[in-house]
There are 2 protein chains.
Amino acid sequence: MLKDIGKMKSLTRDGVAELLRANGISLTLQRLAIAQILLVRPVHLTAEQVLKKAQKIMPEISRATGYNTLNLLKEKGLIRELVIEPGRIVYDSNTTHHYHIYDADTGKMTDVPAGDIKVTGTTELPAGVVLEEVDIIIRVNSRSG
Amino acid sequence: MLKDIGKMKSLTRDGVAELLRANGISLTLQRLAIAQILLVRPVHLTAEQVLKKAQKIMPEISRATGYNTLNLLKEKGLIRELVIEPGRIVYDSNTTHHYHIYDADTGKMTDVPAGDIKVTGTTELPAGVVLEEVDIIIRVNSRSG
DNA sequence: TTCCATGCAAAGGGTTTGCACTCTC
DNA sequence: GAGAGTGCAAACCCTTTGCATGGAA
């Protein structure tokens, strides 16, 4: 499921193009702009944020293309969709195994490498099911009051 | 934050009425119908499911009232809002500390008591933030193929 | 009478879809 | 000239809001 981008720390713009090709995505300027926003370094952004940033590079990107491309990148496993709270979907371009710290006051997300947290327990999965993944969201707040 | 319902296993219809009163919610037939669906036993239901079930008891419940009541129960801490995957918000009437197993194929949610899972790690929270809660979703699938 | 709760319908936000145009091969 | 990708606008789903009605204290 994870691609070779999995271990990346950062990527050049050319690297982004190659990565798209390697995943069978034919290149367009719109797709490159969007992919650059997401894949040059690990980020957590909403669809709206991605679209706005991409439009700074390339103004003629429509909303439809923005969403199409996000879904395409998601299907190819290059980004992951996270639901943090109702109505707030963020796209995560860190596809290594990791968890999240979410500050509800600032909206800031911080990655926690999977190795930093251990989950142990006596829980057995229901019969006949296969474990896919474990999501952990550590919710914090930074309110003074 | 958790109310006395926290430890409940099940509740009578009368118990639901008392619980609402105890939380300063004035009673109406609509609210009682909705609260019964959710609070008689722990369930995981979407807003739509709650509304439909409540309307079987009491047909004259409008969509607006359904959502108003869900939000009211949520504010009072009698139910919790969970976001499992994009566009799928479920209301959870088990307010004890617990985690979830989610089967993406069947949509079925299973509770895991907090005591059954241990989370340990070396991760430090960012400076100045306060831990609120830890959400764990164990994603499984039951596809044969 | 003064609220509060309700119902209806309309509005709202975020995402998807339909369709015609453009580009590429 | 067939297929893919795009832009625009409309449609869509889910939730919230505005407003007038109706009931409770």
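Protein chains get the first letters and strands the later ones, always in sequence-line order, with residue 1 at the start of each. Both backbone and side-chain heavy atoms feed into the values below; hydrogens, waters and symmetry mates do not.
Of the possible donor and acceptor atoms, none in the side chain of D135(A) sits under 3.5 Å from a partner among the backbone N and O of I137(B). Between the Q49(A) side chain and the T46(A) main chain, a donor and an acceptor come within less than 3.5 Å of each other. The backbone N or O of S26(A) lies less than 3.5 Å from a partner atom in the side chain of R31(A), making a donor-acceptor pair. Between the side chain of N94(B) and the backbone N or O of T96(B) there is at least one donor-acceptor pair closer than 3.5 Å. Put simply, the side chain of Q55(B) gets close to the backbone of I61(B): a donor and an acceptor are under 3.5 Å apart. Distance alone, capped at 3.5 Å, places no donor-acceptor pair between the T95(A) side chain and the I79(A) backbone.
Counted by atom type alone, H100(A) and D92(A) present one or more donor-acceptor pairs between their side chains at under 3.5 Å.
Under 4.0 Å is where a charged nitrogen must lie from a carboxylate oxygen, and between E18(B) and R13(B) no such pair does. Between K53(B) and E48(B) there is no salt bridge, since none of the side-chain N atoms of the basic residue sits less than 4.0 Å from a carboxylate O of the acidic one.
Protein atom CD of E48(A) is 13 Å distant from nucleotide atom P of dT16(C), rounded to whole Å. Across the protein-nucleic acid pair, R63(B) atom CZ and dC19(D) atom P stand 22 Å apart, rounded to whole Å. The CD1 atom of I61(A) sits 12 Å away from the P atom of dC8(D) (whole-angstrom rounding). The distance between atom OH of Y67(A) and atom P of dT16(C), rounded to the nearest whole Å, is 7 Å. When rounded to the nearest whole Å, the span between CG of L20(B) and P of dC4(C) equals 18 Å. Distance Q49(A) CD to dG13(C) C1': 15 Å, rounded to the nearest Å. Regarding L70(A), its CG atom lies at a distance of 14 Å from the P atom of dG14(C), rounded to whole Å. Rounded to whole angstrom, the span from the CG atom of L51(A) across to the P atom of dT16(C) amounts to 13 Å.
In terms of phosphate contacts, S26(A) brings a side-chain nitrogen or oxygen within less than 4.0 Å of OP1 or OP2 of dG5(D). Phosphate contact (OP1/OP2 of dT16(D), side-chain N/O of N71(B), threshold under 4.0 Å): present. Close to dA4(D), at under 4.0 Å from its OP1 or OP2, lies no side-chain N or O of T28(A).
Residues from residues 83-91 of chain A lying near DNA chain D, meaning a heavy-atom separation below 4.0 Å, are absent. The stretch residues 29-36 of chain A touches DNA chain D through Q30(A), R31(A), each having a heavy atom under 4.0 angstrom from the strand.
A 4.5 Å side-chain heavy-atom check between Q30(A) and M58(A) finds at least one atom pair inside the cut-off. Using a 4.5 Å heavy-atom threshold, the side chains of I101(A) and D111(A) count as separate.
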Which atom pairs link the protein and nucleotides 21-25 of chain C when you take only N or O atoms and keep those under 3.5 Å?
none

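The listed nucleotides are dT17(C), dA5(C), dT15(C); the one nearest the side chain of A64(A) is dT17(C).
At a threshold of 4.5 Å between side-chain heavy atoms, the hydrophobic network of Ile, Leu, Val, Met, Phe, Trp and Tyr places V112(A) and I136(A) in one connected group.
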